[in-house]
2 protein chains.
Amino acid sequence: MSLQLIDRGSGQGTRDRVYLTLREAITTAQLVPGRRLSENELAGRLGVSRTPIREALALLREERLVAIVPQLGTFVTRVSTSAVADAAFVREALECSAVRLAAEHVDARTLQELHANLAAQESADVAAFDALDDDFHRVLCDASGHTIAWTLTHRANGQLDRIRRLSLPEPGYLREMVAEHHDVMAAVARRDADGAERALRHHLRMVPSLLPALRERHPDYFEEEEGA
Amino acid sequence: MSLQLIDRGSGQGTRDRVYLTLREAITTAQLVPGRRLSENELAGRLGVSRTPIREALALLREERLVAIVPQLGTFVTRVSTSAVADAAFVREALECSAVRLAAEHVDARTLQELHANLAAQESADVAAFDALDDDFHRVLCDASGHTIAWTLTHRANGQLDRIRRLSLPEPGYLREMVAEHHDVMAAVARRDADGAERALRHHLRMVPSLLPALRERHPDYFEEEEGA
DNA sequence: TCGAGCGAGCTTGCATACTAGTACGCAGTG
DNA sequence: CACTGCGTACTAGTATGCAAGCTCGCTCGA
């Protein structure tokens, strides 16, 4: 019983593959919001049984990307203003706290990694940028010493990813993002926790600001929110 | 298809019942850290099949209360200093952000609810206090307008709950907690976001500070953390 | 006596069968 | 024509069967 007790968070099991496939399909609106999903249909389409499908759907439910209604069906959630606001709140809270710690603890090794990432961002196209962006924020979170920060942020991010990927990139979008990343890193490099938090908070407000334009283009993707 | 799309987060399904039962057993160390769990054994003991057991265990894995090792077994995690620190970090980040918003948005109705809760705390025994404590923090989080704050906090809290419930309550513990709750609420009531955050942050540092004493009493509950 | 190898008995992961419950169309009635 | 009531065809929830893999103890050999 002197074993390592490591459970691989996201290995290469069937469930994880199904999860990633479905998540990708949902955030790109290949599976449009509101669409009904059938465990049987998905199982047939992906060539596996219902069991791993169910487990993957359970994970997606945690991210509020699907809603499971007993004896009725599973649905791709429509975009909800409040769900997006919740996700943004969580990301801001966690990542800003993390970046404060990062600014205090950061070492040369990490700074170099961030620097290299930023350099790559300079000359990246939209497709490559997404991965670099994720990596940048992950490194930043990990530098806080709490890897959980990125784990949870990434999960809350399902909502935000969908917004970002459904929104048409405006001209100058990439330049803007890279510039903001620079600001954050510069503050971290000079051990300025307050500055880093401020810069990051500004940076993170970007995604929710895309909502109105998206809503105009795809009103059918949105939940009709009735004022309580 | 004009239905409500509400998926009850924690209804009264078999899976939820199993989840709550196991979580209770783990946080009270009725199932001691390190113990091996068998899906079959649990299924037999709880009178259900393996399927809902598996789903409940998957939820507990998210809280790092169990570790699932393929083809080997499922284990109650030992207390890990870093896991506790991670949980405390998450709770602090989320709840402090929430309380800032709460201080700005709070209404009379909520203040009254908090007040009533505090009054009840004054005359509660240890057992009743736990529920009131949870409720106090939940109301506080909900007042921010982001119910997700408490949802995630509560989840990260598995680690902290276990510490709290395994630690022997020191004399004056309850009085101390209630006093700190008072401080937080007072700051919220006077719309003092900075003060509320400060008071709450202090309050939340309590649980991790219980670790050393617990480690002395139950060294076998702890993961031996090797310095990297 | 000690060590290597193999097999039995576990484990979880995945596939399949069955149960309970909802939505919706269609027949029958007022 | 409008409406009620039932039956069919779906759904997710649960139970069970099967496959792949790891651990550990027993056996056999030196």
Side-chain angles (χ1 to χ4, degrees), chain A residues 1-22 26 31 34-78, chain B residues 1-22 26 31-78:
Chain A
M1 177 87 93
S2 64
L3 46 86
Q4 201 51 21
L5 280 191
I6 288 192
D7 72 323
R8 44 146 194 60
S10 48
Q12 52 178 352
T14 306
R15 171 193 55 227
D16 301 309
R17 184 167 49 80
V18 170
Y19 164 73
L20 291 173
T21 303
L22 289 179
I26 293 174
L31 294 174
R35 158 154 186 180
R36 179 183 203 147
L37 300 177
S38 159
E39 294 181 355
N40 274 317
E41 180 195 337
L42 292 175
R45 188 186 299 239
L46 297 181
V48 296
S49 80
R50 276 182 60 210
T51 307
I53 297 282
R54 278 179 61 76
E55 301 189 354
L57 288 175
L59 292 177
L60 291 168
R61 181 184 56 180
E62 295 303 303
E63 306 185 27
R64 293 184 66 173
L65 288 175
V66 305
I68 302 174
V69 186
Q71 323 301 355
L72 213 174
T74 302
F75 303 84
V76 178
T77 54
R78 293 180 194 274
Chain B
M1 178 94 90
S2 63
L3 46 87
Q4 201 53 20
L5 280 192
I6 289 191
D7 70 323
R8 42 142 193 66
S10 48
Q12 50 177 352
T14 305
R15 172 193 53 227
D16 302 309
R17 184 166 50 78
V18 171
Y19 164 73
L20 291 174
T21 303
L22 289 178
I26 293 174
L31 294 173
V32 302
R35 159 155 186 177
R36 180 182 203 146
L37 300 176
S38 159
E39 294 180 357
N40 273 316
E41 179 196 336
L42 292 175
R45 187 186 301 240
L46 297 181
V48 297
S49 78
R50 279 181 57 211
T51 308
I53 298 282
R54 277 179 61 77
E55 299 191 354
L57 288 176
L59 292 177
L60 292 169
R61 181 185 55 180
E62 296 302 304
E63 306 184 26
R64 295 182 66 173
L65 287 176
V66 305
I68 303 175
V69 186
Q71 325 301 354
L72 213 174
T74 302
F75 303 83
V76 179
T77 55
R78 293 180 194 274

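Chain A is the first sequence line, chain B the second, and so forth, proteins listed ahead of strands; every chain is numbered from 1.
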Subject >> salt_bridge(A/Glu41, A/Arg35) N-O dist < 4.0 Å >> reply: yes

Original post:
How long is the line joining CZ of B/Arg36 and P of C/dG9, in whole Å?
Top reply: 16 Å

Original post:
Salt bridge between A/Glu55 and A/Arg17, side-chain N to carboxylate O under 4.0 Å?
Top reply: no

**OP:** For side-chain contact (heavy atoms from CB on, under 4.5 Å), just list the numbers for B/Val66 and B/Leu37, CA-CA rounded to whole Å, side-chain angles, deciding distance to a tenth of an Å, and then say yes or no.
**Re:** CA-CA 9 Å; B/Val66 305; B/Leu37 300 176; 4.3 Å; yes

Original post:
Over how many whole Å does the gap from A/Arg17 atom CZ to C/dC14 atom C1' extend?
Top reply: 12 Å

Original post:
Under a 4.0 Å heavy-atom cut-off, which of residues 49-58 of chain B touch DNA chain D?
Top reply: B/Ser49, B/Arg50, B/Thr51, B/Pro52

**OP:** Could you state the atom-to-atom distance from CD of A/Gln71 to C1' of D/dC10 in whole Å?
**Re:** 11 Å

Original post:
Is there a donor-acceptor pair under 3.5 Å between the side chain of B/Thr77 and the backbone N or O of B/Leu65?
Top reply: yes

Subject >> Pairwise distance CD(A/Glu63) to CD1(A/Ile26) - rounded to 0.5 angstrom >> reply: 9.0 Å

Subject >> Nearest-angstrom distance from the residue atom CZ of B/Arg61 to C1' of C/dG13 >> reply: 12 Å

**OP:** Could you check which of D/dT11, D/dG13, C/dA15 has an atom nearest any side-chain atom of A/Ile68?
**Re:** D/dG13

Original post:
Rounding to a whole Å, what distance do you find between A/Asn40:CG and C/dA17:P?
Top reply: 12 Å

Original post:
Nearest-Å distance, CG (A/Asp16) to P (C/dG13)?
Top reply: 10 Å

**OP:** In whole angstrom, give the distance that lies between atom CG of A/Leu72 and atom P of D/dG13.
**Re:** 11 Å

Original post:
Taking the nucleotide of DNA chain C with the closest heavy atom to each, which residue, B/Thr74 or A/Gly47, is nearer the 5' end?
Top reply: B/Thr74

**OP:** Output the distance between atom CZ (A/Arg54) and atom OG1 (A/Thr51), rounded to the nearest 0.5 Å.
**Re:** 8.0 Å

Subject >> Protein-nucleotide distance (A/Arg15, atom CZ; C/dC14, atom P), rounded to Å >> reply: 6 Å

